[in-house]
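Small disclaimer: the values here were computed from a predicted structure and weren't measured. Numbers for residues simply follow the sequence, beginning at 1.
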Amino acid sequence: IARHDGERFTADIVSQQAAPVAMVRGDRTHPLHGVRQRASVDRQLDLVGVRLRRAQQRAPTLSFRTMRSGEFHAGQIKQIIAFNRARMQAKGKRFGMSASDEHQLCQLMLERGQLSVIEIEGKPRAGLLCTRVGGEVFMHVIAHDPALDELRLGFLCCVLTIEVASAAGD
């Protein structure tokens, strides 16, 4: 699903064999629902592959990378928050993060954060803000450039982040 060239990950076509951990949890459900949920997981993985291929066709320079605290700066964090704010505004919804909340999240991210980013032509177009505590990863903000809504880049960034974490044993 993603390749690492020493510095960054480049998105590749999703296969069912590279199932993100969060989507496979359906296998641990009640036996009566397992078959239907497994089929649902397979459909979701097919859909992820379709969305990723569509995004790559529209934006051949699409790349993905994930960074831990010390590898990113506050401006990158604020860019992802700005995408989220813009999307809420475009939908006519109130953005749920105060300036104080934003400041606290930035501080937390700089201390123990993980930032995943999808870039197109070297510019951030989607991101996922997470924090790492112990062996756990907690998602705080997922967002994408509202000008690229149809590509579902926030969703793809989330799936790719899960795949990288799974491959790394996180």
Side-chain angles (χ1 to χ4, degrees), residues 1-15 18-23 44-45 47-91 95-97 101-133 135-170:
I1 198 166
R3 289 204 169 90
H4 191 269
D5 66 7
E7 231 175 77
R8 58 192 318 142
F9 285 89
T10 302
D12 203 354
I13 303 303
V14 177
S15 71
V21 172
M23 292 186 177
Q44 290 298 317
L45 291 172
L47 183 58
V48 168
V50 167
R51 287 183 177 155
L52 186 55
R53 283 189 296 277
R54 186 177 301 143
Q56 288 175 316
Q57 287 169 353
R58 173 131 181 245
T61 63
L62 183 146
S63 65
F64 170 78
R65 64 182 169 142
T66 187
M67 303 164 276
R68 295 199 180 177
S69 51
E71 299 175 335
F72 56 84
H73 54 82
Q76 291 168 298
I77 300 165
K78 290 179 181 183
Q79 176 66 62
I80 305 308
I81 293 171
F83 284 151
N84 192 284
R85 182 181 292 114
R87 284 204 69 237
M88 292 299 105
Q89 194 172 36
K91 291 179 173 185
F95 181 63
M97 191 180 295
D101 293 339
E102 183 175 331
H103 177 75
Q104 287 178 341
L105 180 58
C106 283
Q107 290 304 115
L108 188 60
M109 286 291 297
L110 293 171
E111 291 171 17
R112 62 178 72 219
Q114 176 178 310
L115 171 64
S116 296
V117 179
I118 287 181
E119 295 174 327
I120 297 175
E121 296 181 7
K123 296 178 184 173
R125 297 298 183 200
L128 177 62
L129 305 179
C130 301
T131 51
R132 302 178 64 84
V133 179
E136 302 293 324
V137 178
F138 298 91
M139 183 176 100
H140 298 283
V141 176
I142 182 170
H144 66 270
D145 183 340
L148 301 171
D149 272 350
E150 72 282 358
L151 296 180
R152 304 284 313 261
L153 295 177
F155 170 77
L156 290 173
C157 190
C158 184
V159 171
L160 292 169
T161 300
I162 292 167
E163 175 59 25
V164 168
S166 175
D170 292 343

From [X] [atom1] over to [Y] [atom2], what is the distance, rounded to the nearest 0.5 angstrom?
X      : Y      : atom1 : atom2 : answer
Phe95  : Arg85  : CZ    : CZ    : 4.5 Å
Leu160 : Thr66  : CG    : OG1   : 10.0 Å
Ile118 : Leu156 : CD1   : CG    : 5.0 Å
Ser63  : Gln56  : OG    : CD    : 10.5 Å

So [Y] and [X], do their side chains get closer than 4.5 Å, heavy atoms only?
X      : Y      : value
His73  : Gln76  : yes
Leu151 : His144 : no
Thr131 : Gln114 : no
Ile120 : Leu153 : yes
Val50  : Arg53  : yes
Leu129 : Leu115 : yes
Gln104 : Leu108 : no
His140 : Met97  : no

On a heavy-atom basis, which atom in [X] and which in [Y] lie closest, and how many Å separate them?
X      : Y      : value
Ser116 : Cys157 : O-SG, 3.6 Å
Thr61  : Glu121 : OG1-N, 2.8 Å
Phe83  : Arg125 : CE1-C, 3.7 Å
Leu128 : Cys158 : CD2-CA, 3.9 Å
Pro124 : Gln79  : CB-CG, 4.4 Å
Gly127 : Ile80  : CA-CD1, 3.5 Å

Just wondering, are more than 12 heavy atoms of other shown residues or ligands nearer than 6.0 Å to CD in Gln107?
->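 It does: Gln107 CD has more than 12 such atoms within range.
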
Take Glu71 and Arg65, measure what salt bridge (Lys or Arg N to Asp or Glu O under 4.0 Å) needs, and give me the verdict at the end.
-> CA-CA 11 Å; Glu71 299 175 335; Arg65 64 182 169 142; over 6 Å; no

Show your working on side-chain contact (heavy atoms from CB on, under 4.5 Å) between Glu102 and Ile77 and close with a plain yes or no.
-> CA-CA 9 Å; Glu102 183 175 331; Ile77 300 165; over 6 Å; no

